[in-house]
Peer 1: 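Here it is, the structure in full.
Counting from 1, the numbers follow the sequence of the chain as shown.
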Amino acid sequence: MLGPSPSIDITYVVDDYRLGEIHRPTCVARCAGGKALNMARAARRMGADVALTTVVGGSSGDWIVTELEAEGVRTSTATSATETRTCVSVASTATGTLTEVYEHAPRTEPEAWQELLERTAALLADRPGWLSTSGSMPRNLPEDTVAGVVRTGHRHGAAVAVDSAGPALHAALTERPELVKVNRGEAAAELGVDPSGDLGAMARQLAERSGGHVVLTDGADGALGWDGQTLVRASLPGVHGGFPVGSGDSFLGGLLTCLDRGDALAEALRWATACGTANALVPGAGRFDAATVAELAEQVQLS
């Protein structure tokens with residue numbers, strides 16, 4: 001997995017959040033975050049053999065590496081001169097609302113990014129399988145940077161999964177990634193269609209552009225997948241959590257874990273949906289209990 005924009009993610013749980021007041025959290029969860037890192041942790045919890053490459057800087061970056069390795073995620077890093085960012089979420093138990101303050105991905109020097117790609121290529125030489133990249137790219141890098149990640153994966157025989165949006169997604173599609181996982185809004189923006197439209201039609205149109213599998217997440221309504229032959233919807237009605245941060249990443253971690261072991265798309269969607277839901281039940285992205293995932297997977301509805 002390639003993580004372009006790691007962060008220290010902090011979740012504060014408070015009784016009732018009000019802007020402009022002092023709060024004493026009842027729970028604090030800190031983790032090595034950013035979409036790709038959340039996904040790596042989730043896949044590891046589902047039993048996958050995970051290796052991650054990412055760019056880190058400063059003492060925050062050092063903390064992230066230590067945290068990941070403690071969780072069993074083998075990590076190879078390129079070093080940036082910029083301190084790794086911090087992102088904060090405040091969950092109110094009284095209202096069920098979540099307030100999020102996310103720093104932009106910091107600038108990454110071109111030489112640090114090149115080192116990251118070289119480290120990724122070295123890992124792929126030893127471990128064929130899936131290469132995934134997800135999350136926002138540093139704003140100083142070119143719009144085709146994600147497309148370059150896809151090319152790197154393909155040069156080394158890896159299947160590539162992309163979870164991106166906007167111009168980065170648009171450029172990546174031309175490199176034909178084997179899997180695209182985006183949400184309804186991101187799919188609609190790429191296709192230039194009404195976001196309230198038919199999700200199956202969106203999946204098919206994206207597949208025409210990418211040539212691979214497409215999975216579209218749809219919030220509380222679950223997810224839909226298209227493998228070129230079958231359209232599958234997975235949902236888990238009636239189960240909701242108060243900590244949605246990282247649920248999409250946990251979903252993708254579960255999805256790739258299943259696809260990597262040879263599961264059909266429908267079965268992979270079952271477990272991915274359970275992972276995403278389990279994530280929302282506890283603070284801290286990708287820190288769900290695997291036993292909870294197994295229980296929820298039995299309740300997932302496929303159609």
Peer 1: Please say yes or no: joined through hydrophobic side-chain contacts below 4.5 Å, possibly via intermediate residues, are Met39 and Leu259 part of one cluster?
Peer 2: yes

Peer 1: Give a yes or no answer on whether the side chain of Thr26 reaches the backbone of Val13 with a donor-acceptor pair at less than 3.5 Å.
Peer 2: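 Checking the backbone N and O of Val13 against the side chain of Thr26, a donor-acceptor pair under 3.5 Å is found.
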
Peer 1: Could you walk me through whether Tyr102 and Ser89 pass the side chain to side chain contact (heavy atoms under 4.5 Å, CB included) check?
Peer 2: CA-CA 8 Å; Tyr102 289 176; Ser89 301; 3.7 Å; yes

Peer 1: Do you know the tightest heavy-atom contact between Ala188 and Pro195?
Peer 2: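 Nearest heavy atoms, Ala188 then Pro195: CB-CA, 3.5 Å.
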
Peer 1: Rounded at 0.5 Å granularity, tell me how far OG in Ser76 sits from CD in Glu118.
Peer 2: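 Taking OG in Ser76 and CD in Glu118, the distance rounds to 11.0 Å.
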
Peer 1: Verify side chain to side chain contact (heavy atoms under 4.5 Å, CB included) between Glu109 and Ser80, making sure each step is shown before the conclusion.
Peer 2: CA-CA 7 Å; Glu109 301 84 356; Ser80 170; 3.0 Å; yes

Peer 1: If you round to the nearest 0.5 Å, how far is OG of Ser134 from CG of Asp249?
Peer 2: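 Interatomic distance, Asp249 CG to Ser134 OG, rounded to 0.5 Å: 6.0 Å.
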
Peer 1: Mind listing the closest non-hydrogen atom pair of Ala203 and Leu224 along with its distance?
Peer 2: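 Reported closest heavy-atom pair: CB-CD2, 3.8 Å.
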
Peer 1: Is the shortest heavy-atom distance from the side chain of Leu191 to the side chain of Arg209 under 4.5 Å?
Peer 2: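 Sidechains of Arg209 and Leu191: in contact.
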
Peer 1: So, taking the atom named CZ in Arg139 and the one named NE2 in His104, what distance separates them when rounded to the nearest 0.5 Å?
Peer 2: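 So the gap between those two atoms works out to 4.0 Å.
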
Peer 1: Determine whether Met137 and Leu131 fall in the same hydrophobic cluster, where Ile, Leu, Val, Met, Phe, Trp and Tyr are linked whenever their side-chain heavy atoms lie under 4.5 Å apart.
Peer 2: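 Yes, Met137 and Leu131 fall within the same hydrophobic cluster.
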
Peer 1: Do the charged groups of Arg119 and Glu115 touch, with an N to O distance under 4.0 Å?
Peer 2: yes

Peer 1: Of all heavy-atom pairs between Val50 and Ala43, which one has the smallest distance, and what is that distance?
Peer 2: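 Heavy-atom minimum between the residues: CG2-CB, 3.8 Å.
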
Peer 1: Looking only at heavy atoms, what is the nearest atom pair of Gly246 and Ala285, with distance?
Peer 2: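 For Gly246 and Ala285, the tightest heavy-atom pair comes out as CA-CB, 3.8 Å.
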
Peer 1: Distance only, no hydrogens: is a donor on one side chain within 3.5 Å (strictly under) of an acceptor on the other, for His213 and Glu178?
Peer 2: no

Peer 1: List the steps and the verdict of side chain to side chain contact (heavy atoms under 4.5 Å, CB included) for Thr120 and Val149.
Peer 2: CA-CA 9 Å; Thr120 302; Val149 174; 6.0 Å; no

Peer 1: Please list all pairs passing the side-chain hydrogen bond (donor to acceptor under 3.5 Å, both in side chains) test where one or both residues lie in residues 294-303, with sequence neighbours left out.
Peer 2: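 Pairs touching residues 294-303 that pass the test: none.
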
Peer 1: Do Leu169 and Val180 come close enough that some side-chain heavy atom pair is under 4.5 Å?
Peer 2: yes

Peer 1: Any non-hydrogen side-chain atom of Val215 less than 4.5 Å from a side-chain atom of Leu265?
Peer 2: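 In contact.
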
Peer 1: If hydrophobic clusters are built from ILVMFWY residues whose side chains come within less than 4.5 Å, do Met202 and Val214 share one?
Peer 2: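 Yes; tracing contacts between hydrophobic side chains, which count when under 4.5 Å, links both residues.
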
Peer 1: With the 4.5 Å side-chain cut-off for hydrophobic clustering, are Val293 and Leu252 part of the same group?
Peer 2: no

Peer 1: Listing request: all side-chain hydrogen bond (donor to acceptor under 3.5 Å, both in side chains) pairs with a residue in residues 65-74, at least two apart in sequence or in separate chains.
Peer 2: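 Checked against side-chain hydrogen bond (donor to acceptor under 3.5 Å, both in side chains) - neighbours excluded - the pairs reaching residues 65-74 are Glu67-Arg287.
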
Peer 1: In Å and rounded to the nearest 0.5 Å, what is the CZ to CG distance from Arg204 to Leu231?
Peer 2: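 Atom-to-atom, Arg204:CZ and Leu231:CG are 5.0 Å apart.
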
Peer 1: Under a 3.5 Å distance rule, please check whether Arg155 uses its side chain to pair with a backbone N or O of Ala121 as donor and acceptor.
Peer 2: no

Peer 1: To check you understand the geometry: which heavy-atom pair defines the closest contact between Val245 and Asn279, and what is its length?
Peer 2: O-ND2, 3.0 Å

Peer 1: Can you sort out the partners of Arg261 under salt bridge (charged side-chain N to carboxylate O under 4.0 Å, His left out), two or more places apart, ordered by chain and number?
Peer 2: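 Partners of Arg261 under the salt bridge (charged side-chain N to carboxylate O under 4.0 Å, His left out) test: Asp263.
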
Peer 1: Within the 4.5 Å heavy-atom criterion, are Pro6 and Val56 side-chain neighbours or not?
Peer 2: yes

Peer 1: Say whether, by atom type as modelled, one donor and one acceptor occur between the side chain of Thr93 and the main chain of Val14 under 3.5 angstrom.
Peer 2: yes

Peer 1: Once rounded to the nearest 0.5 Å, what's the spacing between atom CE of Met1 and atom OG1 of Thr75?
Peer 2: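 Separation between the atoms: 11.0 Å.
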
Peer 1: Given side chains that start at C-beta, do those of Cys258 and Met46 come closer than 4.5 Å, heavy atoms only?
Peer 2: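 Not touching, per the 4.5 Å side-chain cut-off.
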
Peer 1: May I have all residue pairs that pass side-chain hydrogen bond (donor to acceptor under 3.5 Å, both in side chains) and include part of residues 214-231, sequence neighbours excluded?
Peer 2: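 Every pair satisfying side-chain hydrogen bond (donor to acceptor under 3.5 Å, both in side chains) with a residue in residues 214-231: Arg184-Asp218.
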
Peer 1: Are Leu179 and Leu256 close enough that some pair of their side-chain heavy atoms sits under 4.5 Å apart?
Peer 2: yes

Peer 1: Exactly one of Leu2, Thr53, Thr145 should register a side chain to side chain contact (heavy atoms under 4.5 Å, CB included) with Thr133. Which one does?
Peer 2: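 Running side chain to side chain contact (heavy atoms under 4.5 Å, CB included) over Leu2, Thr53, Thr145 with Thr133 returns exactly one hit, Leu2.
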
Peer 1: Carefully, step by step, assess Glu83 and Ser59 under the rule side chain to side chain contact (heavy atoms under 4.5 Å, CB included).
Peer 2: CA-CA 7 Å; Glu83 186 82 17; Ser59 58; 3.3 Å; yes

Peer 1: I'd like to know if the side chain of Asp144 reaches the main chain of Ala147, judged simply by a donor and an acceptor atom lying under 3.5 Å from each other, with no hydrogens or angles considered.
Peer 2: no

Peer 1: Using atom types as modelled and distance alone, determine if a side-chain donor or acceptor of Ser247 lies under 3.5 Å from a backbone N or O of Gly276.
Peer 2: yes

Peer 1: Say you draw a straight line from OG of Ser210 to CD of Gln205; how long is it, rounded to the nearest 0.5 Å?
Peer 2: 12.0 Å

Peer 1: Taking the side chain as every heavy atom from C-beta outward, state whether Leu141 and Trp113 have any atom pair closer than 4.5 Å.
Peer 2: yes

Peer 1: Quick check: does any side chain N or O of Thr277 sit under 3.5 Å from a backbone N or O of Ala274, one acting as donor and the other as acceptor?
Peer 2: no

Peer 1: So, using side chain to side chain donor-acceptor pair (under 3.5 Å) as the criterion, who are the partners of Arg270 when residues are at least two apart?
Peer 2: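 With neighbours one apart ignored, the set is Glu267.
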
Peer 1: Can any side-chain N or O of Asn140 pair as donor or acceptor with the backbone N or O of Thr108 at less than 3.5 Å?
Peer 2: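 Judged by distance alone, yes, a pair lies under 3.5 Å.
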
Peer 1: Measure across Thr82 and Pro106 and return the closest heavy-atom pair with its distance rounded to 0.1 Å.
Peer 2: CG2-CB, 3.5 Å

Peer 1: Just wondering, are more than 12 heavy atoms of other shown residues or ligands nearer than 6.0 Å to NE2 in His156?
Peer 2: yes

Peer 1: Tell me the side-chain hydrogen bond (donor to acceptor under 3.5 Å, both in side chains) pairs involving residues 6-18, sequence neighbours left out?
Peer 2: Ser7-Asp9, Asp16-Arg18

Peer 1: Under a 4.5 Å side-chain heavy-atom rule over Ile, Leu, Val, Met, Phe, Trp and Tyr, are Phe251 and Val300 clustered together?
Peer 2: yes

